[in-house]
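Structure, as structure tokens:
In the text below, chain A, chain B and the rest are named by the order of the sequence lines, each starting its count at 1.
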There are 2 protein chains.
Amino acid sequence: MDKTAAIFKEFLKGRGLKFTPERKAVLREVFSLHRHFDAETLYQELYRKKVRISRASVYRTLPLLVKSGLIAETLRCQGKTSYEHIYGHGHHDHMLCIGCGKVIEFRSEKIEKLQNEICRRHGFKPVEHRLGIKGYCRECQRKIKMKKKLPLDSAE
Amino acid sequence: MDKTAAIFKEFLKGRGLKFTPERKAVLREVFSLHRHFDAETLYQELYRKKVRISRASVYRTLPLLVKSGLIAETLRCQGKTSYEHIYGHGHHDHMLCIGCGKVIEFRSEKIEKLQNEICRRHGFKPVEHRLGIKGYCRECQRKIKMKKKLPLDSAE
DNA sequence: ATTGAAAATGAGAATAAATCGCAATTAAAA
DNA sequence: TTTTAATTGCGATTTATTCTCATTTTCAAT
Ligand SMILES: [Mn+2]
Ligand SMILES: [Mn+2]
Ligand SMILES: [Zn+2]
Ligand SMILES: [Zn+2]
């Protein structure tokens, strides 16, 4: 049925691992979300939906999904390891707004090519890469400008 | 005397903070190291040198050094936040060998330009970025090839 | 020099993410 | 079915980092 399930199942079988209901549930939830997420969030979301599987299983399943190539870790935003699904989505990089936390995704063929080129020059065989640009989105830049116009005070 | 000390002092003064002996010691150690490092390593190194300052002070000082622009966080390798000094060193990106942990530094003007270009297109104002490429260095590739030549067994 | 207020320190407790140990359960190949 | 290795949940544990707070220190103003 589900292509992702088929892929995951296949991946597991290849390693003598089992396609358990818990793993199925995590997979399902992962692909129902359309944002970046972390283990705890996923656990909570499942809990809310009355899918009672343990945190441990969530923590144990996510790395498997990464290895299977269905999801990937994203830039670590604040302490927690976060993920995004990759399947049917393709590789991309991120801009992260320092002001509001917004995430902008982008992909540059040129940058990807240059990276490979550089790796080649160093005899380095790239497996994955992550590019994250922190800064301010349009809206936050506007907000900041307005604040500066105002007369006084500014803690922080 | 020391330019970095002058900068840090200036930075601190500007915020009503104090240039204490503890902060001086951390700064000194940071610039004596020439590799990436984490808080605990720095603490241990200071301890070894009989500089008795608390972990808490190390943990408190590093973020200040980051804000001052003298050092920066690097790609998180394994759980710990790691840093490198930036002053007098210039921005660069990293390749990280999955096999042996080696770090290769590089800088590509072209990639930097492309990044800025893309940010402009998105109305995004970049503040800092991090590009990390994980993969295998020359030596580790060789090792892997040899292993494959051997007849049997391979856990993991 | 003295003083005083604000900031910093050290020591250990507290927190939070992630991992682990283990007894009980379960998937799935034979 | 049976069998066996894999998996689960639970709580305990680990590890990095932050926090608390009583005491000490800095530094600018007297
Ligand atoms: Mn993304
Ligand atoms: Mn570096
Ligand atoms: Zn924003
Ligand atoms: Zn290597």
Side-chain angles (χ1 to χ4, degrees), chain A residues 5-6 8-30 36-47 50-68 71 73-83 155-156, chain B residues 5-6 8-30 36-47 50-68 71 73-83 155-156:
Chain A
F8 194 33
K9 196 169 179 179
E10 194 54 30
F11 165 84
L12 293 169
K13 196 189 293 186
R15 311 199 157 203
L17 306 179
K18 293 166 183 175
F19 190 47
T20 63
E22 289 80 6
R23 287 173 179 167
K24 202 176 301 197
V26 170
L27 176 70
R28 203 164 174 287
E29 188 57 31
V30 159
H36 295 187
F37 60 91
D38 58 62
E40 179 66 19
T41 304
L42 200 75
Y43 170 77
Q44 292 297 341
E45 194 54 28
L46 286 166
Y47 192 92
K50 317 273 191 225
V51 180
R52 294 300 147 85
I53 77 178
S54 71
R55 268 191 189 79
S57 288
V58 172
Y59 274 104
R60 287 187 284 227
T61 301
L62 290 173
L64 291 174
L65 285 168
V66 169
K67 281 190 198 125
S68 79
I71 71 175
E73 283 189 25
T74 64
L75 287 185
R76 189 177 283 255
C77 296
Q78 347 120 10
K80 310 172 174 193
T81 299
S82 88
Y83 301 88
E156 216 277 332
Chain B
F8 194 32
K9 197 171 180 178
E10 194 54 32
F11 165 84
L12 291 170
K13 196 188 292 183
R15 311 199 156 201
L17 305 179
K18 292 164 184 175
F19 190 47
T20 62
E22 289 80 6
R23 287 173 180 166
K24 203 177 300 196
V26 169
L27 175 71
R28 202 164 174 288
E29 187 56 31
V30 159
H36 295 187
F37 61 89
D38 58 63
E40 178 66 18
T41 305
L42 200 74
Y43 170 76
Q44 293 296 342
E45 194 54 29
L46 285 166
Y47 192 92
K50 316 275 192 224
V51 180
R52 293 301 146 85
I53 77 178
S54 72
R55 268 191 190 79
S57 288
V58 172
Y59 273 104
R60 287 187 285 227
T61 301
L62 290 173
L64 292 174
L65 284 169
V66 170
K67 282 189 197 124
S68 79
I71 71 174
E73 283 188 24
T74 63
L75 288 184
R76 189 178 282 258
C77 297
Q78 347 121 12
K80 310 174 174 193
T81 299
S82 89
Y83 302 88
E156 217 278 332

R28(A): what forms a side-chain contact (heavy atoms from CB on, under 4.5 Å) with it, not counting sequence neighbours? none
How far does the helix from dA1(C)-dT30(D) to dA30(C)-dT1(D) bend, going by the axes of its first and last five pairs, to the nearest 10°? 30°
Heavy atoms, side chains only, cut-off 4.5 Å: are L12(A) and K18(A) in contact? no
Going from OG on S57(B) to CG on L46(B), what distance comes out if it is rounded to the nearest 0.5 angstrom? 10.5 Å
Hey, could you give me each pair passing salt bridge (Lys or Arg N to Asp or Glu O under 4.0 Å) that has a residue in residues 52-62 of chain A? Not counting sequence neighbours. E40(A)-R55(A)
Please state how far atom NZ in K24(A) lies from atom C1' in dA28(C), giving the value in whole angstrom units. 12 Å
Are T61(B) and V30(B) packed together at the side-chain level, in the sense that at least one heavy-atom pair is separated by less than 4.5 angstrom? no
Just the rounded figure in Å: distance from P of dA28(C) to CD of E10(A). 13 Å
Round to the nearest Å and state the distance from Y43(A) atom OH to dA18(C) atom P. 15 Å
Could you tell me how the ring of Y47(B) sits relative to the ring of Y43(B): parallel (under 30°), tilted (30 to 60°) or perpendicular (over 60°)? tilted
Sequence-distant partners of T74(A), side-chain contact (heavy atoms from CB on, under 4.5 Å), two or more places apart: H36(A), S82(A), E84(A), H94(A)
Per-nt protein contacts along nucleotides 7-19 of chain D (heavy atom under 4.0 Å; B base, S backbone sugar-phosphate only, - none) come out as SBBB-----SBBB
Let me know the distance between CD of E73(A) and P of dA17(C), rounded to the nearest Å. 15 Å
With sequence neighbours excluded, residues passing side-chain hydrogen bond (donor to acceptor under 3.5 Å, both in side chains) with T41(A): D38(A)
